[in-house]
Structure formats: structure tokens, C-alpha cells
Amino acid sequence: MHQVPLPPEYIDLSPLATDERIRTAKKNLGESTVVMGHHYQRDEIIAHADFRGDSYKLAKDANINPDAEFIVFCGVHFMAESTDILTPERVKVLLPNLAAGCSMADMANIFQVRRCWQDLATVLGSATTVVPVTYINSAANLKAFVGEHGGTVCTSTNAPTAVAWALEQGEKVLFFPDQHLGRNTGVRLGYDPSEMVVWDPFKPLGGNSPEALRAAKFILWKGHCSVHKRFSVEQIEKARQEFPGIRVIVHPECELEVVNAADENGSTEAIIRAVVNSPAGSKWAVGTEINLVSRLAKENPDKTIFCLDPQICPCATMYRIHPSFLLWVLEGLVEGEVRNQVSVPEKVQMFARVALDRMLTVCA
Ligand code: 13P
Ligand code: SF4
């Protein structure tokens, strides 16, 4: 479905009027409608979220309200797709702005992955088992590919468990689309970066020799997150100089050197837990999306909390969920009109569900 332009009356509304009308619409919809919000959403959206979480929690809790008919998902497209796959057919999932995608998820498509898979089969032969693992930040048809080929989905919360499981099923892992989460996970499991090659989908054999592919334990897709790529070792050193005793925590989508230079790394949920559970007076430099870091700082006034990169902007695609879109979608439901539904075709759902269920079982 294509994005319908937002009617001008929604664009012209003041923030206060928008907020009030969202509250009224939610009240009118009652239990039938659940609003879910990823931690990276702006405060004006989180204020209306019935549930908030990282991508693992939101997938796990997709059916948290079994009476819901509609889930309005404030996050990005792949998360709404996962929710659609994990909920019964009668539940409709709406994404307030269909243009809210994820630039990392767009770095791998089904044609490229199928091509890679064929090339690997040719080079490695049938005696070598490669297990595909896709980060949840990927299109539903890639999750289906993984489900169909004996692999699993992972999130930043459970990547080590998922990848360790994959390595029990076969000799090698093909990890897409985020090379950094793949590399950080491999290192965390005790592998050396020299056992990993990067697959560039725009080069023959991904830019590798057949020997390098045969020797590698991990084949990492050449994808990255443009938000997390901004964090650097220099920023960490500067934070440590300016705030002696500070703790540095980053998301595992950051580069390996950054993860190594930090004190801790983890998903957004893990970052929140570490900061919230630290004693009053603690100092934290955080390497993740700014909406989350600013909210953490606001909700924990007894601690010093700041983003490692002072110049960073919000994740551009998450930011596309503006309150006006949320209002437009909710008022549509009040009027009986379903706007911006994300509906994964049943053919794709079948194997994508296999991969997501495998993750939820293996990593429970
Ligand atoms: P989480 O797994 O922490 O939700 O992160 C998702 C994401 O898109 C990070 O950029
Ligand atoms: Fe995608 Fe990065 Fe935004 Fe997460 S922060 S949704 S990985 S672009």
C-alpha cells in the first residue's frame, strides 16, 4: 500500500490540539486498539504508547492484549510486519506513516540474498551447511527465506543465543543485514574477526575469493545503521577525559572498536536497564539514538546522562512517525476506516513465522 498524503487539516493542527485529539480518539476506541511504541520514538508519541519496548520486547509482546482488534505500531516498517506475522489474522496492524522504514533493512533484498545463497552453495558444495540468521531489521520476505532454509531471526537482545544456536545446526553462519551486529556477536561468542568475511552484494562472490569463503566461519552482509555508525572511539575517549569515572554503554550496531572501547553494550532495553538500575550520581555516556538518550536523562534527573555524539540527529525514519499521522490513523479507526495497514501476504507469513517462532523458542 502507498502512503496517502496527510490531509492539510492534520498538518495545520497545533501540537496541543493534536495531543488532545489523540487522547479523545484513544478513549473512544477503548480496548479495541493498542498503541505500541519503540524506544526511539519521540516523546510526543511515547506519551500515547500503551506498551513501549525494544524490537525483541515488542515482538514477544505482540499478543499482550488478546482482545485488541487493531495495533497501531509506532516504529518502523519491519517491526509492524513482525507484529502482523505474530498476531492472529483478525488483528490489523497499522503503521501511522508508511514511509517509516529502516535504511539498514533496505541494505539487503531477497534477490541479493538468493544470489548470495546460490553462490555459497556453488563454492562450498553440499557437504557444508550454512545457517542463515537475519537481524529482525529486515523485510518479511528475508525472514521467510531464513525460515525456509533452517535459520532464525535475531534481535540485538538475543543475537548471541541465536547465533550460538545456528552454529550448532551447521558449520557457518550467513548473517544479514548488519555486519556490525554480526561481528560483535561472533566476537562475543569467542570467534576472531579474522574468521569473518564481509559479503558485498554488489561484487562477484561478495568481493571474496572462494578460499576465503571456505575458510570463514561467519559471512557478514555489508549493511550498517547510519545512526550507530556515527559513534567513535574518539568520542568515548573525550567523554572519559571530561567525566572521570563515567560509564560508556553502546548499542551492538556500533562498530567493533567502539563496542570494545565501551564498558558495556546491549539493546535499547538493556541500555535502559543498566542506566535505571545504577546508583544515584552515576555518569553515563550512551551510544544510541538521541530520543531514547534524552528521555533517559529526563527520567533519571539524579544521574548525568548524555549521548556520545553531541551532533547526532534522531533516526530519520523513526522520526517520520509524527503525532499528526498517529492522530489521522486513530481518527480513521473511530470513523470505521482502516488507514495504513501493514499486511504481510500469507505466502510470506508462513515461513517468516517459522523463523520468528524459532527465535522466540530458542531465545526464550
Ligand atoms: P533494539 O533491538 O534495541 O530495539 O534496536 C532496534 C534498532 O533498530 C536499533 O537501531
Ligand atoms: Fe534502522 Fe538504524 Fe533507525 Fe534502527 S536506528 S531503525 S537500525 S536506521
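For ligands, and for the atoms within them, numbers begin at 1 and follow the listed sequence.
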Requested in this report: Could you tell me which atoms of ligand 1, counted from 1 in the order shown, lie closer than 4.0 angstrom to a heavy atom of His228?
Outcome: 10 (O)

Requested in this report: Output, by chain and residue number, all protein N/O/S atoms separated from atom 1 (Fe) of ligand 2 by less than 2.8 Å.
Outcome: Cys102 SG

Query raised in the report: Taking the inter-plane angle between the rings of Phe243 and Phe306 on a 0 to 90° scale, is it parallel (under 30°), tilted (30 to 60°) or perpendicular (over 60°)?
Result: tilted

Query raised in the report: When you measure from atom 2 (O) of ligand 1 to every protein heavy atom, which one gives the shortest distance, and what is it?
Result: Ser156 OG, 2.6 Å

Query - Donor on one side chain, acceptor on other, Gln179 and His224, under 3.5 Å - result: no

Query - Distance-only donor-acceptor check, side chains Asp84 and Gln349, under 3.5 Å - result: yes

**Report entry** Parallel, tilted or perpendicular, as decided by the 30° and 60° cut-offs, for the rings of Phe145 and Trp117
**Finding:** perpendicular

Query raised in the report: For ligand 1, which atoms sit closer than 4.0 Å to a heavy atom of Thr268?
Result: 1 (P), 3 (O), 4 (O)

Query - Atoms in ligand 1 flagged as close to His251, the criterion being non-hydrogen separation under 4.0 Å - result: 1 (P), 3 (O), 5 (O), 9 (C)

Report task. Answer yes or no: is there a donor N or O on one side and an acceptor on the other, between the side chain of Asn291 and the main chain of Tyr40, under 3.5 Å? Result -> yes

**Report entry** Pair Lys92 + Glu69: basic N to acidic O under 4.0 Å
**Finding:** no

Query raised in the report: Which bit of His38 is near ligand 1, meaning a heavy atom under 4.0 Å away: side chain, backbone, both or neither?
Result: side chain

Requested in this report: Kindly indicate whether a cation-pi arrangement holds for Arg183 with Phe218, taking the cut-offs as under 6.0 Å to the six-membered ring centre and within 45° of the axis.
Outcome: no

Query raised in the report: Using a heavy-atom cut-off of under 4.0 Å, does the side chain or the backbone of Glu269 touch ligand 1, or both, or neither?
Result: neither

Report task. Return yes or no for this condition: an N or O of Thr155 is under 3.5 Å from an N or O of ligand 1. Result -> no

Query raised in the report: Which of these passes side-chain contact (heavy atoms from CB on, under 4.5 Å) with Cys254: Asn260, Val259, Thr288?
Result: Val259

Report summary line: Going by the 4.0 angstrom heavy-atom rule, the piece of Glu289 near ligand 2 is neither

Query - Any donor-acceptor N or O pair under 3.5 Å, side chains Trp165, Thr152 - result: no

Query raised in the report: Can you list the ligand 1 atoms lying under 4.0 Å from a non-hydrogen atom of Tyr40?
Result: 7 (C), 9 (C), 10 (O)

Report task. Find all atoms of ligand 1 within a distance of less than 4.0 Å from any non-hydrogen atom belonging to Ser267, and give their numbers and elements. Result -> 3 (O)

Report task. Mark up the atoms of ligand 1 that fall under 4.0 Å of a heavy atom belonging to Asp54, in ascending order. Result -> 1 (P), 3 (O), 4 (O)

Requested in this report: Establish, from distance only, whether the side-chain atoms of Asp54 and Thr155 form a donor-acceptor pair under 3.5 Å.
Outcome: no

Query - Of all pairs that satisfy salt bridge (charged side-chain N to carboxylate O under 4.0 Å, His left out), the ones with a partner from residues 103-131, not counting sequence neighbours - result: Arg115-Asp119

Report task. For ligand 1, note which part of Glu289 has a heavy atom under 4.0 Å away: side chain, backbone, both or neither. Result -> neither

Query - Positive for salt bridge (charged side-chain N to carboxylate O under 4.0 Å, His left out) with Asp309, one of Lys229, Arg230, Lys238 - result: Arg230

Requested in this report: Check for a donor-acceptor pair, side chain of Lys57 on one end and backbone N or O of Phe51 on the other, with a separation under 3.5 Å.
Outcome: no

Query raised in the report: Side chain, backbone, both or neither: which part of Asn137 has a heavy atom under 4.0 Å from ligand 1?
Result: side chain

Query raised in the report: What are the atoms of ligand 1, with element, lying closer than 4.0 Å to any heavy atom of Glu253?
Result: 7 (C), 8 (O), 9 (C), 10 (O)

